[in-house]
Amino acid sequence: MNVKPGATQPLEPLLFEKGSPGRVGWSLPPADVPDVDPDAIFGKGAARGPVEGLPELSEVDVVRHYTRLSRLNYGVDVGMYPLGSCTMKYNPKLNEWAARIPAFARSHPLQPPEISQGLLALMHALERILCEVSGMARVTLQPAAGAQGELAGMLIVRAHHKAHGNPRHKVLVPDTAHGTNPASCALCDYEVVTIKSGPTGLLEPAAVAAHMDEDVAALMLTNPNTCGLFETHIREIADIVHAKGGLVYYDGANLNALMGVAKPGHMGVDVMHFNLHKTFSTPHGGGGPGSGPVGVVEPLARYLPTPIVNLRDGQYVLDDVPESIGKMKSFHGHVGMHIRAYAYALALGGKGLAQSSRYAVLNANYVLERLRGAYHVPYAGRVMHECIVTDKRQNDHGVKTLDIAKRLMDYGYHPPTVYFPLVVPGALMIEPTESESLETLDAFVDAMLAIAREAEEDPELVTGAPHTTPVARLDEVEAARKPILRWTPA
Amino acid sequence: MNVKPGATQPLEPLLFEKGSPGRVGWSLPPADVPDVDPDAIFGKGAARGPVEGLPELSEVDVVRHYTRLSRLNYGVDVGMYPLGSCTMKYNPKLNEWAARIPAFARSHPLQPPEISQGLLALMHALERILCEVSGMARVTLQPAAGAQGELAGMLIVRAHHKAHGNPRHKVLVPDTAHGTNPASCALCDYEVVTIKSGPTGLLEPAAVAAHMDEDVAALMLTNPNTCGLFETHIREIADIVHAKGGLVYYDGANLNALMGVAKPGHMGVDVMHFNLHKTFSTPHGGGGPGSGPVGVVEPLARYLPTPIVNLRDGQYVLDDVPESIGKMKSFHGHVGMHIRAYAYALALGGKGLAQSSRYAVLNANYVLERLRGAYHVPYAGRVMHECIVTDKRQNDHGVKTLDIAKRLMDYGYHPPTVYFPLVVPGALMIEPTESESLETLDAFVDAMLAIAREAEEDPELVTGAPHTTPVARLDEVEAARKPILRWTPA
Amino acid sequence: MPHRYLPHTPDDLRRMLAAVHASDIDALFEAIPEDLRRRAHLDLPDGMGEHALKAHLQDLASAVRVPEPEGMFLGGGAYNHFQPGVVDFVISRSEFYTSYTPYQPEVSQGTLQAIFEYQTLICQLTGMEVSNASLYDGASGLAEALLLARRVKKRPKMLLARSIHPDYRAVARTYLSGSDAEIVEVPFTKAGTIDRAALEKALDTGVAAVAVQSPNVFGCVEDLRAIGEMAHQAGALLVAACTEPISYGVLRDPGTLGADVALGDGQSLGLPPSYGGPWFGFFATRQAFVRQLPGRLVGQSHDANGRRGYVLTLATREQHIRREKATSNICTNQSLCALAGAAFLATLGKTGFAELARQNLAKAEYAKRVIRDEAGLAFPFSAPTFNEFVVEVKDDPERVLGRLREEGLLGGIPLGPWYPELERAILVCVTEMNPKSAIDRLARGLKA
Amino acid sequence: MPHRYLPHTPDDLRRMLAAVHASDIDALFEAIPEDLRRRAHLDLPDGMGEHALKAHLQDLASAVRVPEPEGMFLGGGAYNHFQPGVVDFVISRSEFYTSYTPYQPEVSQGTLQAIFEYQTLICQLTGMEVSNASLYDGASGLAEALLLARRVKKRPKMLLARSIHPDYRAVARTYLSGSDAEIVEVPFTKAGTIDRAALEKALDTGVAAVAVQSPNVFGCVEDLRAIGEMAHQAGALLVAACTEPISYGVLRDPGTLGADVALGDGQSLGLPPSYGGPWFGFFATRQAFVRQLPGRLVGQSHDANGRRGYVLTLATREQHIRREKATSNICTNQSLCALAGAAFLATLGKTGFAELARQNLAKAEYAKRVIRDEAGLAFPFSAPTFNEFVVEVKDDPERVLGRLREEGLLGGIPLGPWYPELERAILVCVTEMNPKSAIDRLARGLKA
Ligand SMILES: Cc1ncc(COP(=O)(O)O)c(C=O)c1O
Ligand SMILES: Cc1ncc(COP(=O)(O)O)c(C=O)c1O
């Protein structure tokens with residue numbers, strides 16, 4: 001280690017490097033029933049003593065360990081988090097309270113529906129809200145995240161085709177698509193046919209038509225796409241797909257641009273997923289949990305994952321779906337996330353949701369407009385809820401997208417998404433979300449402009465960044481070459 | 001400002017430097033009753049429009065503002081906080097939950113006792129616990145903090161003497177006393193007579209006897225005293241005071257050394273206060289709220305602040321105290337703190353409380369023993385729950401106590417109490433508390449030893465500290481010369 | 001036996017005892033006389049696991065049968081308001097609640113800046129020039145204001161309106177009981193406000209301060225301007241306490257009306273009643289008296305690199321420097337509660353705070369109307385009120401309130417125990433938490 | 001109209017629109033066909049203030065009538081355990097729950113180190129060599145394990161014990177429904193465990209994996225070692241799911257017993273049931289299969305100054321790099337829940353976790369005794385169990401459970417809907433949360 005003690009705030013040792021044998025952070029009252037002998041019950045060799053290696057810490061040790069670790073993290077509560085495609089909007093505090101209401105948190109997934117009416121009512125109401133926002137006929141709340149939603153959706157596509165005699169073999173996926181799209185297709189044994197997007201960043205009807213045939217099960221697209229552009233030709237494209245009996249799958253990761261602005265259900269979309277952890281403000285939790293409901297048009301509702309909540313004779317019931325693709329998850333999905341998303345939708349109401357999308361789009365356009373002078377902009381014209389700039393100009397000074405991203409940390413911001421979508425070399429994909437005020441946007445843009453100047457005047461300041469974070473730039477190559485994936489005793 | 005943007009993490013603007021007219025962070029539903037015209041009700045000139053200057057922020061702005069500010073702070077949850085005389089022990093998470101139980105938090109102080117039995121039972125039980133720990137006959141929970149406890153206690157002393165015909169005029173206070181002791185005496189119009197402590201740091205019976213006469217209302221002392229030493233002669237001293245009709249007031253700030261080890265009630269103490277925010281783990285909150293119950297021997301109970309909780313016929317009742325000194329606070333004191341202290345005492349139980357004190361003392365002695373080689377130790381022998389070292393040796397290199405304190409921050413620790421007690425020049429008063437493990441103590445001592453080395457080898461590293469905190473050393477002199485005590489519009 | 005709060009393992013103990021050259025822990029206590037130690041056993045139950053303790057506390061809580069907030073009409077110094085979730089989020093940040101008084105500014109900028117902002121917010125609400133960092137509560141604030149007046153004016157007499165909350169007066173009396181200050185109470189009129197003729201008579205050159213409360217304990221708004229003019233004429237200070245700071249959102253601030261000290265309880269600003277605390281006392285005064293202020297102050301400064309920062313300042317007023325000559329004995333104050341107050345004001349903001357005050361006023365006015373017009377009850381006092389008021393019932397108040405309690409309503413506070421002459425009077429408080437339907441039920445119940 | 005979640009003021013809007021050269025916000029949406037926009041109105045109610053929304057949610061909650069934890073005897077995949085306060089404290093730290101996947105390690109060391117520790121803890125519990133950073137749940141974990149086996153073994157057949165939780169099997173079927181993999185179920189015996197004779201028969205060279213669960217859906221402990229030997233003999237992998245990870249505190253780890261993949265739901269490790277989630281799926285395997293692992297992995301590295309640090313690693317397995325060739329489509333996982341699990345294990349520690357497992361076992365054994373000896377009921381299965389077991393009642397289970405419900409007990413899960421042949425059977429789970437008195441009441445109620 002090249003850093004002297006006291007030259008920078010100390011890092012935190014691992015849980016396993018702390019503590020002492022016999023120290024405890026928790027204890028049970030003595031049992032009120034006779035003790036038993038595991039060896040006698042399970043037979044020797046099948047029973048086990050205390051788990052070797054588990055930490056031995058007092059309560060304050062644990063509290064400090066995680067408090068200190070948390071302070072090494074950046075989050076939405078710390079500042080602007082313009083991570084494109086991730087919709088890092090504000091996560092309301094009320095939602096955290098709501099999910100922890102004891103009657104909700106303590107509910108067992110197999111307790112009888114008669115005593116669970118409040119939860120079922122909430123899930124049913126959330127489904128209605130998602131239907132209204134999307135124009136879909138029915139929505140399942142079961143999938144755990146966007147990618148699982150995609151899998152559920154593509155299995156519904158498959159079920160539909162199978163019911164019509166042939167599951168088909170191919171799915172068309174634009175080259176701008178998120179990695180989960182082709183991966184989900186592959187899980188359903190569909191061959192992925194990549195469609196090149198046009199020079200304006202849009203999917204062109206002709207390109208779709210050229211690949212569309214009766215062995216294509218579906219077109220899978222994101223709208224606005226991952227370049228932040230609305231797929232203007234979507235209905236024409238949907239018609240082309242439908243004409244050959246194909247279905248249109250809509251990746252709703254970017255729905256935050258469209259609430260109250262346009263409904264996928266009117267665009268020719270047959271199946272779609274939502275990311276409640278994007279559009280509906282449920283927190284990302286450092287990488288999850290998410291929630292990825294799937295919406296479908298009426299004829300596909302019969303394939304939805306089972307069960308589904310219905311209202312019958314004034315009672316909410318969990319109904320089996322007879323032709324269902326099956327179950328995606330144990331029980332009912334991430335109900336804790338449903339509660340948060342529901343609270344969010346109710347807090348904003350119809351008008352507030354529509355305003356959110358409008359402001360999200362205004363924010364992205366505003367940032368783009370202010371960055372134009374200093375950064376290369378790959379696509380002309382307006383954008384939706386996110387915008388892309390690149391490092392093309394900065395490359396002349398040896399400064400790359402990754403450097404700009406790292407340098408932003410020194411200014412107190414989380415970097416944008418970098419090097420995605422793959423079709424834009426050196427992309428910096430900026431999604432401010434509607435949560436950011438004009439002043440915050442201005443301060444962020446000012447930092448970007450300062451970095452552009454630094455790239456010209458003092459490029460090493462940028463390529464050596466970050467300078468003010470708890471650790472300096474980390475060696476990711478080394479990590480992958482000789483993976484150390486767990487602590488082991490020295 | 002000499003710091004370039006991006007050279008250090010940005011600080012946080014003031015609330016008033018953020019926001020924009022018309023922005024809101026909260027709203028009420030429309031009223032379900034007719035609106036009214038304040039001008040008509042109060043008369044023009046007596047009514048007022050919106051308060052000028054209040055912030056206009058969205059919810060996320062507020063959350064971020066305070067999250068960022070919090071990250072500029074150090075707390076017990078961040079690391080060891082060896083602030084002498086402050087007992088910065090772990091603040092259990094369970095206690096925070098307990099104080100927020102809705103039925104407790106929503107209780108109005110004037111709601112009838114019939115519906116408040118759970119709270120009154122808790123307060124009564126806490127009084128019994130404090131009596132058991134201290135050996136006092138009765139305890140009032142009303143005082144808000146230690147200093148208010150002192151005032152209540154000294155007013156009880158005064159009431160006692162008044163009832164015996166003469167309130168008397170003087171109070172004896174050792175020179176090691178905390179500043180609140182003389183200040184509280186002054187509030188009761190008692191003249192403070194300072195008693196010099198002896199060369200071993202202890203109060204000497206002869207010194208007390210020399211000042212004791214029939215115009216002395218009380219001796220006010222802290223035990224262990226603020227040098228961390230047990231006042232060995234306490235009973236002899238109490239006898240001297242009692243012989244002249246005086247009372248003994250015991251400042252319980254350092255009671256963390258003595259639970260289950262020795263009871264003030266057996267030492268000749270007549271009145272004392274507790275600091276629940278020290279000994280009983282209620283959090284310090286960046287300077288409060290505290291809670292400073294006062295205990296008395298039986299004959300003084302009649303003077304306690306009114307009302308007091310009694311159990312009668314199986315019901316808890318709030319009884320007036322007819323000869324009471326009056327009220328110290330509106331209502332019943334800091335009940336939220338009583339709940340926390342009660343939960344703490346129950347979590348540990350009698351054995352655990354006794355262990356706490358024993359380990360607190362062991363920790364202080366261990367630290368002192370390890371520091372002896374590198375720092376000057378003003379008093380020989382063992383200490384109780386805290387220990388004092390000084391900067392005497394480091395002075396040769398131009399390094400002072402304040403520098404050592406600031407340098408500790410770079411090693412990730414909160415500094416000890418500095419320059420207190422006043423009788424020890426350049427004191428560093430270290431109170432580890434029982435919450436700290438051997439490893440933590442060792443790491444802290446290692447940092448202290450490293451600083452002692454730095455003081456010799458590279459004194460400017462120490463005198464220029466801190467180097468790694470959010471701001472560098474602050475100019476306190478300038479602040480006092482031209483006080484800026486609030487933000488004003490530019 | 002190891003405990004979750006105590007990290008010492010048997011092996012740690014062995015090593016530490018060896019290091020301090022002690023055979024056992026008892027050896028460390030040799031300075032304590034043997035017989036003290038022998039008698040120190042704690043006759044208390046054994047410690048409890050987290051689960052059992054939670055269950056026990058929940059049992060106690062279930063023996064507290066407080067109704068839903070919509071049925072709560074108690075005020076009288078503690079008010080039934082909504083606490084935005086943001087406030088509890090803020091004061092639950094570890095670094096705020098587990099830190100000490102910010103004596104070391106380099107690692108305490110969070111608390112320091114937040115309190116500097118708090119001081120500013122209190123100045124904005126009260127219209128005063130300087131605010132301290134908080135006091136224990138409004139009641140001790142009144143006492144401190146009188147002590148300040150005594151230091152500033154060097155006069156012994158304090159005139160206190162009898163319409164000040166009795167707990168405020170009681171605490172002031174306790175605080176001043178050791179001193180030579182003399183407290184004289186001034187009666188109230190049928191308006192429910194201070195009797196100005198009596199005040200006029202009591203005002204002489206021995207008076208250091210005239211203290212009133214507005215809104216006062218009856219909810220009535222005092223004419224601070226007129227009282228202030230009288231006080232100032234006599235060379236005394238005007239001390240303007242306040243039962244309910246939400247009223248600052250619709251009532252002219254005491255600073256503009258001539259107050260020399262403004263103070264009160266901050267509970268309404270985001271803190272739960274908690275059966276009486278902890279809350280915070282706000283305390284603000286004129287610039288001229290800054291060196292007489294009790295309690296802590298945060299001031300702006302800068303660091304060695306010229307960056308703005310905040311520090312505790314003017315400590316020469318305080319007990320840890322001045323000892324018996326300090327302006328007050330206060331040390332620990334109500335920092336975290338003041339932080340909650342600041343977060344509350346920041347969240348509500350200019351618009352929300354005005355809206356909140358306006359709705360409190362409107363709800364109380366509606367309640368008065370239905371109680372008068374539909375329940376046919378009378379109000380003993382005529383002065384305008386903010387969100388609480390006194391109503392005279394036709395039966396024993398305890399009986400009336402007992403009946404209301406059976407319907408899930410805490411209908412008000414009987415005033416008889418505080419003011420024997422008001423034995424049929426109930427103090428009723430109505431806030432944004434009380435829906436119209438509950439107010440209507442209350443009116444019906446008061447009548448019955 | 002401004003909203004607390006939306007910072008845009010009218011003035012901001014004017015300035016921003018001017019900057020983007022748009023007359024109004026609608027102009028920004030010109031790329032969207034007019035008629036789509038015309039039909040996009042949201043027929044939803046207006047937004048709610050925080051107070052009203054809280055009240056509404058509380059109303060919904062009051063329509064959920066779940067009994068106190070002491071009367072809860074439901075298991076079957078979600079368990080009734082105590083959540084130490086520390087766990088919720090940890091996952092309530094803003095910087096943990098409001099951050100994204102730690103793609104930028106310099107500002108994500110908190111999450112990265114915590115997950116590295118999580119991976120270690122899961123390896124310790126399961127006795128496996130590598131753990132990923134979590135999957136959605138145990139059920140999809142089973143599916144991923146089968147897909148892993150398919151990639152590794154290049155064989156199509158998967159043998160699944162019918163004693164695996166039906167939801168696990170259902171999800172595995174769904175995941176594999178698009179593929180050419182074939183799922184064959186293996187029956188259970190009177191012991192309540194997999195029928196090894198049937199397994200022997202089904203095991204041929206087409207089999208990629210044998211999957212069992214231990215404890216299984218009946219609470220019964222499978223003989224992993226024997227099953228593993230059979231599987232390995234046939235060249236197949238042993239996939240060892242687990243209903244209840246607390247059992248690892250008293251049962252030999254699957255790694256030692258020969259499992260190639262160990263997986264399950266982590267709910268018991270500090271997460272509330274929450275009507276089904278979110279929890280996390282843990283997933284661990286042998287070092288040899290590390291490049292076949294689904295999901296994220298955190299690895300140790302160092303920074304430019306040589307300080308230790310953590311990064312996401314081996315991303316070439318993942319969808320964002322490998323797209324359709326990825327080992328799984330998973331992207332967002334259950335990071336915060338995994339963090340909760342790690343904090344739970346850190347808090348309980350070696351001693352507490354062992355103690356917890358032991359008490360669960362003791363409580364369940366006691367319950368079996370009173371149900372057998374005092375209620376006189378029989379158990380259809382003979383294999384040893386951990387904290388849940390199957391009991392046969394003498395009446396319609398729905399009726400028995402309905403009666404128990406009236407006494408405030410959720411007495412168990414009727415097995416008929418999952419296993420028609422077990423129409424009189426109830427699955428009963430007993431944990432540290434059930435006091436002896438409640439167990440005794442349960443026994444009496446089951447008999448009645
Ligand atoms: C466009 C797009 N599609 C799909 C996903 C996958 O969603 P999830 O991470 O919830 O599985 C993402 C996530 O970033 C995305 O941005
Ligand atoms: C010895 C001593 N006495 C009294 C006090 C005053 O207590 P409080 O701050 O609670 O008013 C303190 C506080 O630090 C103290 O250390």
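Both backbone and side-chain heavy atoms feed into the values below; hydrogens, waters and symmetry mates do not.
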Can you measure from CZ (Phe104(A)) to CD (Gln58(D)) and round to the nearest 0.5 angstrom?
9.0 Å
CH2 on Trp487(A) to CG on Leu121(D), rounded to 0.5 Å:
10.0 Å
Side chain to side chain donor-acceptor pair (under 3.5 Å) assessment of Arg486(A) paired with Thr120(D)
CA-CA 5 Å; Arg486(A) 58 171 292 192; Thr120(D) 306; 5.1 Å; no
Most chain D-contacting option - heavy-atom pairs closer than 4.5 Å, from Arg23(A), Met267(A), Glu96(A):
Glu96(A)
To the nearest 0.5 Å, what is the distance between CG on Leu54(A) and OH on Tyr248(D)?
13.0 Å
Salt-bridge criterion met for Asp32(A) and Lys363(D) (N-O under 4.0 Å):
yes
Between chain A and each of Thr101(D), Thr98(D), Thr111(D), count heavy-atom pairs under 4.5 Å; write down the option with the most.
Thr98(D)
Those residues at least two apart in sequence (or on a different chain) that pass side chain to side chain donor-acceptor pair (under 3.5 Å) with His65(A) are Glu12(A), Glu117(D)
Verdict with supporting geometry, Lys329(A) and Asp167(D), salt bridge (charged side-chain N to carboxylate O under 4.0 Å, His left out)
CA-CA 7 Å; Lys329(A) 262 192 76 51; Asp167(D) 275 10; over 6 Å; no
Top contributor to chain A contacts, counting heavy-atom pairs under 4.5 Å, from Ser94(D), Gly352(D), Ala326(D)
Ser94(D)
Exam field: side chain Arg358(D) to backbone Val36(A), donor-acceptor pair closer than 3.5 Å
yes
Check: Glu434(A)/His8(D) side-chain N/O donor and acceptor closer than 3.5 Å
no
Give me the ring orientation class for Phe96(D) and Tyr66(A): parallel if the planes are under 30° apart, tilted from 30 to 60°, perpendicular past 60°.
perpendicular
Interchain contact, Met409(A) with chain D, by part (heavy-atom threshold 4.5 Å):
side chain
Would the His108(A) and Tyr275(D) ring centres measure less than 6.0 Å apart?
no
What's the spacing between Ser99(D) OG and Asn73(A) CG if we round to 0.5 Å?
4.5 Å
Salt-bridge test for Arg473(A) and Asp303(D): reply yes if a basic N is under 4.0 Å from a carboxylate O, no otherwise.
no
About how many Å separate CD of Gln113(D) and CG of Leu14(A), when rounded to the nearest 0.5 Å?
5.0 Å
I need the residue from Leu28(A), Leu72(A), Thr469(A) with the largest number of non-hydrogen atom pairs under 4.5 Å to chain D.
Leu28(A)
Contact between Val64(D) and Gln117(A) at the side-chain level, heavy atoms closer than 4.5 Å - yes or no?
no
Could you tell me whether the side chain of Glu56(A) and the main chain of Thr351(D) form a donor-acceptor pair under 3.5 Å?
no
Ignoring hydrogens and geometry, is there a side-chain-to-backbone donor-acceptor pair from Ser301(D) to Asp475(A) under 3.5 Å?
yes
If I measure from the heavy atoms of chain D, does Met88(A) come under 4.5 Å with its side chain, its backbone, both, or neither?
side chain
Let me know if Asp253(D) has heavy atoms under 4.5 Å from chain A in its side chain, its backbone, both or neither.
both
